[in-house]
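Keep in mind the model is a prediction, meaning the values are calculated, not measured. Naming: A, B, ... by sequence-line order, numbering from 1 per chain.
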Number of protein chains: 2
Amino acid sequence: MGDSIYANYPPPLNSAQREFLVTTIKDWTTQNGLMVRPAPTLVPREINPHGVLATNAPVTLFPSPFPRACFDEARALQTVYNHLYAMITCNEEWLGKIMEDLIDVDDFVSHLWKTHLAVKKEGYVQTLSLGLFRSDYMAHTPSSSDKPSLKQVEFNTISASFGGLSSLVTSLHTELLDSPPGYPIAYPAHNLFKSNKPPENTAVETLSAGLAAAHAAYGASNSRPAIPTCILFVVQEGERNTFDQLALLRRLTKYHKIPVFRILSSEVLDHTTIPSSNPSRPLIYRPPHASSQFEVTTVYLRCFYAPTDYTSERDWDARLHLERSAAIKCPTVLNQLSGCKIVQQVLAESTGPDHLASFLAEVDQSVIARLRATFAPQYDLSSTGRGRDLALNPAAAANHVLKPQREGGGNNVYKTAIPEFLRSIPETDWKRWILMELIHPPAEAKNVALRSDGEVIRGDVIGELGVYGTILWDQARGTVLHNEQGGWLMRTKAKDVNEGGVATGFSSLDSILLF
Amino acid sequence: MGDSIYANYPPPLNSAQREFLVTTIKDWTTQNGLMVRPAPTLVPREINPHGVLATNAPVTLFPSPFPRACFDEARALQTVYNHLYAMITCNEEWLGKIMEDLIDVDDFVSHLWKTHLAVKKEGYVQTLSLGLFRSDYMAHTPSSSDKPSLKQVEFNTISASFGGLSSLVTSLHTELLDSPPGYPIAYPAHNLFKSNKPPENTAVETLSAGLAAAHAAYGASNSRPAIPTCILFVVQEGERNTFDQLALLRRLTKYHKIPVFRILSSEVLDHTTIPSSNPSRPLIYRPPHASSQFEVTTVYLRCFYAPTDYTSERDWDARLHLERSAAIKCPTVLNQLSGCKIVQQVLAESTGPDHLASFLAEVDQSVIARLRATFAPQYDLSSTGRGRDLALNPAAAANHVLKPQREGGGNNVYKTAIPEFLRSIPETDWKRWILMELIHPPAEAKNVALRSDGEVIRGDVIGELGVYGTILWDQARGTVLHNEQGGWLMRTKAKDVNEGGVATGFSSLDSILLF
């Protein structure tokens with residue numbers, strides 16, 4: 001099945017077809033805000049001193065085929081995954097034990113954990129916690145005769161991005177498939193296009209509804225006298241993916257009628273305060289351009305997710321400041337930590353305690369089994385056992401990747417390089433690594449991408465599907481107030497792009513056609 | 001009244017307010033497609049070889065005040081104006097007589113007239129004609145104690161642009177006035193903002209509905225066998241105002257479900273044909289990127305309006321080719337000619353035959369009087385009379401402008417320079433000029449503009465309001481099938497910008513607040 005679908009897709013383009021499609025997409029992206037700010041390597045600052053220029057986000061010309069059964073399964077499991085990561089976050093003791101080793105060696109995780117402990121010591125004033133999650137998968141297809149299965153790449157609990165732009169790519173491809181209306185000729189004819197459209201993509205609606213639910217759950221102002229309330233987006237300096245964030249902001253403003261402000265992470269301490277006189281610790285935002293003030297119900301972090309986001313102690317102070325406030329955090333430090341690779345590995349362990357069953361006590365066993373089936377096999381290398389056996393055997397290692405446990409960087413080691421690498425480091429350090437079975441996306445997948453510099457590149461690709469979910473829960477009671485799934489992201493990378501993201505080739509936003 | 005409104009408007013901005021407003025507007029324009037392609041002087045071609053970059057259209061930071069009575073009057077008169085120009089277009093004899101003199105001296109008008117005569121000789125196969133018009137006005141305010149009155153600057157019968165972007169500027173200012181929702185602080189407080197929003201702007205809906213009405217009226221394909229029908233936008237090479245046009249295209253495609261193609265004027269003869277075997281002369285469009293063909297119901301010209309649009313005889317061949325086809329033209333050559341300055345002057349003549357009364361036989365006298373009141377006094381200088389008296393008297397001339405009758409360029413002569421200028425040319429040439437009383441926009445009007453290069457400039461401004469209208473009529477019978485008004489444009493220019501459009505200063509898209 002996979003064979004026939006990927007083998008002759010996408011249809012070839014002659015030069016007139018290519019010219020039409022590329023011109024149409026360039027215009028469409030600009031007309032509809034499917035844009036990014038250009039990298040300084042593309043447009044030097046002296047050409048664009050006021051930062052007015054924008055260019056298309058990198059997009060594929062065609063939607064990519066994706067197995068319907070895998071897509072349906074990913075959506076069906078999303079609220080279960082939401083629940084799982086909320087419950088993990090509620091279990092500070094379990095999470096602390098998992099992190100124990102890491103805290104010693106990983107400055108970043110250690111700093112996050114200390115931030116949590118500091119607020120814990122003072123006492124949290126906000127028990128509600130919001131997650132805007134994205135679970136990323138591949139359609140695992142070891143050989144073209146195999147039925148593809150859904151395998152999770154990672155689960156994102158902080159700054160899960162591209163919901164805004166992904167919805168737009170879905171609209172772009174959907175319109176092209178019926179352009180002009182009734183007599184589609186934008187794409188050359190192909191069997192996959194017959195009565196087929198990308199599935200609905202509600203990423204913007206779903207993610208915004210999550211933020212709106214938190215805003216509503218926060219309730220009235222804790223300030224005396226009461227002041228207006230708002231949601232605060234905290235963003236990175238030099239962010240180029242602004243329009244992805246603004247898609248959520250527009251929805252919250254125009255549909256939910258909620259005041260939303262964006263603030264740089266470096267400005268948090270300048271423009272927000274927690275009045276010491278108010279024991280409920282409301283987070284007060286004072287817009288620099290007005291004399292009014294707003295009480296922040298919900299802090300949405302689109303920063304602070306990577307070690308590089310903390311350039312000085314002041315950034316950690318800002319994170320602590322937000323964490324101890326009464327604002328609902330999306331996410332809290334604990335919720336961010338639940339997304340560490342090591343948690344994924346512990347959940348996937350096939351021996352030892354059944355963590356899934358205990359976190360998902362109310363979930364049907366058959367559903368837990370389906371969720372477990374999305375895990376790629378992962379092994380701890382701390383002691384003798386199956387993990388070490390596989391890693392040291394060149395034949396077995398060839399089907400694996402070695403990933404550092406640390407969140408703060410380090411490179412993956414692939415396939416047959418694994419045994420040699422392990423023998424080159426002290427055995428006591430092996431515990432810092434996770435061995436993971438490789439996921440095999442469809443080998444024959446191809447697409448064509450329009451990069452942000454206007455180059456058009458055709459090639460072999462790897463597609464990664466993300467499914468969005470939102471959950472609002474009470475961290476103290478372990479109860480769930482809002483749990484939804486909706487919206488998705490297809491990211492398509494040229495095969496020659498490794499994890500590091502080499503500049504040649506491409507990594508593009510895409511959509512899907514189910515088969 | 002005018003005094004107090006303009007004197008303290010717009011409110012001053014401190015640097016934080018300005019920074020917030022400019023950043024918000026830059027982001028908003030990019031997110032919502034209020035964009036233009038950058039001029040080569042802004043972004044050299046080597047930086048942007050694939051033409052992917054875009055920048056904001058020039059926009060004002062604030063909406064401009066405009067007298068409600070003038071706005072209401074302009075809207076109330078638009079369908080009457082539509083009707084007037086349709087009836088003028090139907091009266092080829094009248095129009096020909098007006099043009100007679102010009103045809104001798106103006107190559108452009110002469111070429112257009114010959115195009116009409118050539119098709120007339122062969123016989124027109126399409127009697128339906130579509131007008132997408134814009135009538136431009138100023139709020140004439142000779143002194144701040146005068147009640148402003150509505151005076152027409154010009155009436156556009158071809159390529160009347162900015163409907164698409166103008167609607168977006170209205171949305172931008174409307175959103176800023178209530179940003180964040182419920183607690184507006186994007187603008188500093190000002191009396192004019194209290195419970196005040198720009199009026200609804202339906203330019204995109206109205207103009208698209210006009211094109212859709214023509215498409216429907218064309219009816220079924222004249223080809224045997226029948227083929228799908230479409231609307232064709234004919235556009236200029238190097239067009240930077242693409243997104244204005246695409247706003248109409250999107251509406252026609254998504255809402256009216258009509259196939260629309262854009263084609264360069266230089267490609268008309270390459271990609272369209274009129275089969276010689278078919279006496280009904282359907283215009284057949286063959287998209288270069290597909291093997292299918294479409295019959296063009298409606299040709300919408302966003303080119304061919306200025307002498308510079310015709311670089312060779314081939315461009316005139318293309319215009320003739322379109323004119324003789326069965327497609328409904330927006331506009332026909334005759335309808336384009338009805339928009340000449342000289343027609344406006346003849347209509348405004350206070351002596352001689354009452355042209356308005358004869359063209360608008362079914363219209364109430366009081367309405368005709370209101371329409372006539374929008375004319376600035378204009379005079380023919382061909383013979384002794386009031387025109388020559390005013391032009392040669394320095395005191396009277398100081399309140400006038402001298403405009404060349406020719407459409408093909410020539411510079412205006414202003415105020416006290418008029419008598420001297422006339423005496424410097426042979427008296428036999430005086431008939432080539434029209435004397436027009438100056439329109440005085442509010443003297444104290446100010447605004448702040450964000451240019452496409454990101455510069456922000458504050459200054460004294462002149463605002464020009466355009467009102468859009470569409471009309472579909474039968475040129476042979478003089479009957480009207482569709483006549484609507486809707487949507488408007490506010491263009492605001494720095495006072496130091498003359499008609500020529502000096503590069504310093506600005507000319508920006510704006511919206512209005514009524515008072």
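Contact of A:P287 with chain B is made through the side chain alone, with heavy-atom distances under 4.5 Å. Only the backbone of A:S452 has a heavy atom closer than 4.5 Å to any heavy atom of chain B. Heavy atoms of B:I258 lying under 4.5 Å from chain A belong exclusively to its backbone. When heavy atoms are compared at a cutoff of 4.5 Å, A:T253 approaches chain B by way of both its backbone and its side chain. Of the atoms belonging to A:N14, not a single heavy atom falls under 4.5 Å from chain B. In this structure, the portions of A:Y183 lying under 4.5 Å from any heavy atom of chain B include both its backbone and its side chain. For B:P38, the part lying under 4.5 angstrom from a heavy atom of chain A is the side chain only. Only the side chain of B:A290 comes within less than 4.5 Å of a heavy atom of chain A; its backbone N, CA, C and O stay farther away. Interface residue A:D453: only backbone heavy atoms are found under 4.5 Å from chain B. Interface residue A:P44: only side-chain heavy atoms are found under 4.5 Å from chain B. Using a 4.5 Å cut-off between heavy atoms, B:R18 does not touch chain A at all. Residue contact with chain B, scored on non-hydrogen atoms closer than 4.5 Å, is absent for A:E19.
The two residues B:K254 and A:E175 have their closest heavy-atom pair at NZ-OE2, 3.0 Å. Between A:V52 and B:K26 the shortest heavy-atom distance is CG1-CE, 3.8 Å. In plain terms, the two heavy atoms of B:A16 and A:H289 that are nearest each other are O-CB, 3.6 Å.
For chain A, the option among B:A247, B:S15, B:P259 with the highest count of heavy-atom pairs below 4.5 Å is B:P259. The most heavy-atom pairs under 4.5 Å with chain A, out of B:L42, B:N56, B:N32, B:I185, come from B:I185. Of the listed residues (A:P288, A:P49, A:G454, A:G33), the one with the most heavy-atom contacts under 4.5 Å to chain B is A:G454. For the set B:R37, B:M35, B:R250, the count of heavy-atom pairs under 4.5 angstrom toward chain A peaks at B:R250. Counting heavy-atom pairs closer than 4.5 Å to chain A, the top-ranked of the candidates B:T30, B:I47, B:V22 is B:T30. Note on A:L53, A:L34, A:V43, A:D178: by heavy-atom pairs under 4.5 Å with chain B, the leading option is A:L53. With chain A as the partner, the residue from B:P181, B:S292, B:S179 showing the most heavy-atom pairs under 4.5 Å is B:P181. Your options are B:N48, B:T23, B:L450, B:T55, and the one with the most heavy-atom pairs under 4.5 Å with chain A is B:T55.
A heavy-atom distance below 4.5 Å is found between the side chains of A:D27 and B:R262. With contacts defined as side-chain heavy-atom distances shorter than 4.5 Å, the pair B:H50/A:R451 does not qualify.
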